[in-house]
Amino acid sequence: MNTNNPYYRRIDLPAGDLHVFAHDKLFHAMGAKVLEMANNNLQIPNIRYMSYTPDAHVGVGTCIGTTAVWGAEDGFVSPSIVGSDIGCGMRVHLTNLHERDLRDVKLRRKLVKAIEKRIPVENHARGYFSDIRLEDVLREGLHGLPGKYVPDAYTPRKATSLTHVESSRFHYDEDALNRIPETVWHRAHRQLGTLGGGNHFIEVQAISVNEANRRIAESWGLQDGQVAVMIHSGSRAWGGAVNQYSGSEVVKTMHRLGLGTSDPKLVFAPLASEAGLNYANLMKSALNFAVANRHLMAFAVRDACKEIFGAQAELRTLYDLMHNYAGEESRGEEALFVHRKGTTKALPAGHPDNPEPYRETGHPALIPGSMGTASYLMVGAPEGERNYHSICHGAGRLRSRNATKQLVTVDEFASSLRIGREDEIVVNHKGLEAILDESPQAYKDVDQIIDSVVSARLADVVAKCRPLAAVKGV
DNA sequence: ATGTCC
């Protein structure tokens, strides 16, 4: 164990090395189960590297906060490491509004209502995009959307074709799509443009630029007081179905090959096997769905802003970044297959994999806080290479949903949202009871998490985003 | 996370 740096340690587990990027205090708060899970994951054959970010906590089969790397040649793919919300991620849009335009609490309420009118948040809700063909979205990602949903000022279609979005289209063998039953197709089609529940949200925020990185902030188009829109959502029922149908084939292959660990929920197969390949293909269809889904929600928020603030209101895309996926990457000459579960890529300035508009500065890496706390726009540091340019994806859950409901009162939650004050963070729920398990008390302190990421020299803060209003599902 | 156990 390395004790020189309080923000990094290498742990020599029976099955292999685990790298942990977290302050001592956060590491000690993680608990034994987290290490047990790492030891299971490290038993998957041919694994080259595994790490935790400071928000690491127990998930199904694998911890949230995991980066796990294989070589592309002898690689394995694991539906458990990717997780069931395939393609879940963050999207940030920059408006031409200033926070003073939203100073009036009644106006923030109107905006939240206008967003809710266009983006259903309740269970079983239908989205308002039935004119879009699901098949086009699954096959072609953002490029499968009708042109009216991709206005130039919003996501530039010309030039380098949607490169402000990390991956506007994931290519794969589309025959795999036939394996998903028709009922799921219908459900997923209805769900286009819907938010989903749990930790998913749409938040309206005000930007504060970090002085030390003002040059980068300005080149990204960020200004102090500027209003940003942050969206956190995934692939809804489609990703879940991919996990279920394709995952069960992966289990069969795993058993046939005599593979497995003490955790039956940890599922994996060789990338080269039929089941592994099939999962990897369908996973990409879910990535296409998730990116398009966030895009459509941002489009709906843009429409809501035009209703409240007038036709000149704009929402230009800053970035879209996933935190649950696996995919091919390269490091020098090495061809790799990298899994990120609750971790996100943060490439530094000059890295060739940055999309063209961010080649020089590094791309925005998006870290949401919990409800009522700040979110951060980060940029990768060059030293992040030792963690395959992975950083955490949020504050990380501190206690279970049930434990939070036992511990936290509605009044405490309301006070952390400053309910009843002129500067209240307006939320779409009249009764906070329904989303009590998403209160800040359910999560680790995002500022400590950011401190760990910065001090471990994985990434730097470019801007802090303070919440003004939030839309949550249930 | 998820039409969360039709």
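To find a chain, count down the sequence lines: A is the first, B the second, and so on, and within it residues start at 1. Note: hydrogens, waters and symmetry copies are ignored here, and every other heavy atom, side chains too, is used. All values reported here derive from a predicted model rather than from experimental measurement.
- Residue contacts shown for G234(A) are absent, as no nucleic acid heavy atom lies under 4.0 Å away.
- Ring-plane geometry between H19(A) and Y8(A) is classed as parallel, the angle between the planes falling under 30 degrees on a 0 to 90 degree scale with a further cut at 60.
- No side-chain donor-acceptor contact under 3.5 Å links R179(A) and Y245(A).
- In this entry the distance linking CG of N324(A) with P of dT2(B) reads 11 Å, nearest Å.
- In this structure, D85(A) atom CG and dT2(B) atom C1' are separated by 8 Å, rounded to whole Å.
- R401(A) comes within 4.0 angstrom of the backbone, heavy atoms only, and of no base.
- When each of I450(A), L377(A), D55(A) is paired with I367(A), the side chain to side chain contact (heavy atoms under 4.5 Å, CB included) condition holds for I450(A) and for no other.
- Between F129(A) and Y149(A), the ring planes are perpendicular. Angles over 60° get that label, and only those under 30° would be called parallel.
- Between H124(A) and dT2(B), a side-chain N or O to OP1/OP2 separation shorter than 4.0 Å is absent.
- Taking 3.5 Å as the limit, the base of dT4(B) and the side chain of N123(A) contain a donor-acceptor pair of atoms between them.
- Rounded to whole Å, atom P of dT2(B) lies 17 Å from atom OH of Y245(A).
- Heavy atoms of G196(A) sit under 4.0 angstrom from primed sugar atoms or phosphate atoms, though from no base atom.
- Using a 4.0 Å heavy-atom cutoff across all strands shown, G239(A) reaches no nucleic acid atom at all.
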